[in-house]
Amino acid sequence: MKVPNDAEHVFNILVVDDEPANIDILLGILSPFYNVKVAPSGPIALKIAKQHTPDLILLDIMMPDMDGFEVCERLKSDEVLSQIPVIFVTALTQGESEEKGFKLGAVDYITKPVSPSIALMRVKTHLSLAHQMRTTENLVAKRTEELSKSQQSAITMLAAAGHYNDTDTGHHIWRMAAYSKCLAMASGWSYDDACLLAQAAPMHDTGKIGIPDSILKAPRRLTNSEMEIMQSHAQIGHKILSRCDTPLFNLAAEIALCHHEKWNGAGYPQGLAGENIPESARIVAIADVFDALTMKRPYKKAWDDGEAFDYLLQGAGKHFDPRLVDCFLSIKDEIIETKHYWNELEAEGKVVSVSDLLPKNL
């Protein structure tokens with residue numbers, strides 16, 4: 001009998017049957033070509049599968065205590081074992097039992113008495129399919145990781161570009177993004193959505209790259225006409241970030257456009273009020289102002305945390321969404337802890353990026 005061509009990869013197969021004679025038959029067919037382990041019962045099969053994770057399982061149906069259907073169901077409910085192809089080996093007639101097996105996740109049936117050539121071809125086919133699927137999944141995962149790194153690099157560059165001419169901001173964009181994430185979760189956002197917000201928030205001032213240095217660095221109060229130009233950074237940022245139509249950059253564009261709007265309608269650029277302002281921008285506005293207040297700048301000392309929290313409370317219902325201010329104040333300890341974390345990174349001179357805002361770090 002010709003050896004199956006499995007690309008020189010030796011696969012591991014688990015044979016499960018309570019009848020020693022049936023195990024001997026399958027061992028004789030498969031062991032010349034594959035590494036084969038055997039289990040005389042369902043519980044032992046599950047134990048072996050967890051310890052060794054076979055590439056394929058040949059599973060008898062009619063077994064005492066735990067039949068093959070239950071074994072298959074338990075395998076498919078396990079996150080690690082669920083992808084193992086299961087082929088039922090049974091003397092049961094086709095029909096309802098076969099349909100039940102497929103519904104439970106089996107990939108095929110081999111009937112007893114077992115034909116060696118059919119058994120080998122079925123095993124080879126499903127091993128090949130599973131191997132191709134794993135290879136494809138690994139390739140997709142690698143490509144996804146590469147795309148994620150590229151996206152994170154783009155976020156970091158756009159965030160840095162918005163503050164390129166402001167050398168005194170330090171880790172401001174990362175701290176305020178971290179605060180935004182904390183506030184989003186406190187206000188009811190899902191963890192994934194809050195993480196997305198944390199990645200979008202650092203790009204809120206991207207539009208400042210379109211503002212002349214003479215205005216950005218003016219060591220005086222801006223004139224009315226200069227202030228109009230300065231305020232245009234919201235539209236400029238929105239225009240830049242809207243060029244990429246993805247959930248992340250759509251959110252970033254929304255924040256860039258609306259983070260200077262005020263709850264009472266006195267903000268810019270559209271004079272939106274109340275809940276007409278996107279919640280993402282209302283969250284970022286609070287986080288941005290809190291961090292700006294507690295930062296030391298050439299023209300001001302850093303406010304202490306209590307003063308900054310009081311300022312937000314005084315601005316509730318005017319500048320800020322009052323509900324979100326209440327949420328922010330309810331997580332004071334978390335905000336202060338987050339502030340200390342990022343200040344320590346800044347004191348150590350660590351160069352950070354948006355990846356530092358992702359789940360492993362925050």
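We're numbering straight along the sequence, starting at 1. These numbers were taken from a predicted model, which means no experiment stands behind them.
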Is there a chain of hydrophobic side chains (I, L, V, M, F, W, Y, each step under 4.5 Å between heavy atoms) that links [X] to [Y]?
| X | Y | value |
| --- | --- | --- |
| Ile283 | Leu272 | no |
| Met227 | Ile236 | yes |
| Val284 | Leu329 | yes |
| Ile336 | Tyr179 | yes |
| Val80 | Leu75 | yes |

Which of these passes side-chain contact (heavy atoms from CB on, under 4.5 Å) with Val38: Ile44, Asn22, Ile23?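 Of all the options given, the one that passes is Ile23.
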Before giving the answer on salt bridge (charged side-chain N to carboxylate O under 4.0 Å, His left out), spell out for Arg323 and Glu279 the whole-Å C-alpha distance, their side-chain angles and the decisive distance to 0.1 Å. CA-CA 11 Å; Arg323 182 184 69 85; Glu279 188 174 29; 2.6 Å; yes
Heavy-atom count around [X] [atom1] within 6.0 Å, excluding the residue itself: above 12?
| X | atom1 | answer |
| --- | --- | --- |
| Asn138 | CG | yes |
| Lys112 | NZ | yes |
| Lys37 | NZ | no |

Nearest-0.5 Å distance, [atom1] of residue [X] to [atom2] of residue [Y]:
| X | Y | atom1 | atom2 | result |
| --- | --- | --- | --- | --- |
| Asp67 | Glu70 | CG | CD | 6.5 Å |
| Trp263 | Glu275 | CH2 | CD | 5.0 Å |
| Asp78 | Lys50 | CG | NZ | 6.0 Å |
| Leu222 | Ser214 | CG | OG | 9.5 Å |
| Leu58 | Leu14 | CG | CG | 8.5 Å |
| Leu127 | Asp55 | CG | CG | 6.5 Å |

So, [X] versus [Y], ring centres under 6.0 angstrom or not?
| X | Y | answer |
| --- | --- | --- |
| Phe290 | Tyr311 | no |
| His259 | His238 | no |
| Phe11 | Phe33 | no |

Verdict with supporting geometry, Gln270 and Asn276, side chain to side chain contact (heavy atoms under 4.5 Å, CB included): CA-CA 10 Å; Gln270 298 171 294; Asn276 288 325; over 6 Å; no
Minimum heavy-atom distance [X]-[Y], with the two atoms named:
| X | Y | value |
| --- | --- | --- |
| Leu183 | Phe328 | CD1-N, 3.6 Å |
| Pro32 | Leu27 | CD-O, 4.1 Å |
| Val114 | Pro116 | O-CD, 3.5 Å |
| Ala106 | Cys72 | N-SG, 4.2 Å |
| Ala184 | Ala194 | CB-CB, 4.0 Å |
| Gly317 | Asn264 | O-CB, 4.3 Å |

Do [X] and [Y] have side chains that get closer than 4.5 Å, going by heavy atoms?
| X | Y | value |
| --- | --- | --- |
| Met185 | Tyr191 | yes |
| Ser77 | Glu73 | no |
| Glu19 | Met62 | no |
| Ile215 | His233 | no |
| Leu56 | Tyr34 | no |
| His126 | Leu129 | yes |
| Gln235 | Leu257 | yes |
| Met230 | Ile211 | yes |

Is a donor on one side and an acceptor on the other found under 3.5 Å between the side chain of [X] and the backbone of [Y]?
| X | Y | answer |
| --- | --- | --- |
| Lys76 | Ile84 | yes |
| Ser242 | Lys239 | no |
| His52 | Ile48 | no |
| Asp205 | Lys208 | no |
| His340 | Glu337 | no |
| Glu307 | Asp304 | yes |
| Asn250 | Thr246 | yes |
| Glu261 | Ile277 | no |

Check the orientation of Phe88 and Phe69. Use parallel for under 30°, tilted for 30 to 60°, and perpendicular for over 60°.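 Answer is perpendicular, since the angle exceeds 60°.
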Should Val71 and Leu59 be marked as a side chain to side chain contact (heavy atoms under 4.5 Å, CB included) after you check the CA-CA gap, both sets of side-chain angles, and the distance that decides it? CA-CA 8 Å; Val71 174; Leu59 181 59; 4.0 Å; yes
Would you please test Lys181 and Thr338 for side chain to side chain contact (heavy atoms under 4.5 Å, CB included) and show each step? CA-CA 11 Å; Lys181 179 179 178 181; Thr338 302; over 6 Å; no
Can you name the one residue among Asn343, Thr294, Asp288 that meets side-chain hydrogen bond (donor to acceptor under 3.5 Å, both in side chains) with Arg175?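 Only one of Asn343, Thr294, Asp288 forms a side-chain hydrogen bond (donor to acceptor under 3.5 Å, both in side chains) with Arg175, namely Asn343.
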I'd like to know if the side chain of Ser128 pairs up with that of Gln132 as donor and acceptor (distance under 3.5 Å, no hydrogens or angles considered).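 Per modelled atom types, Ser128 and Gln132 side chains form a pair under 3.5 Å.
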Please lay out, stage by stage, how Leu248 and Leu196 fare under the test side chain to side chain contact (heavy atoms under 4.5 Å, CB included). CA-CA 6 Å; Leu248 172 62; Leu196 193 70; 3.9 Å; yes
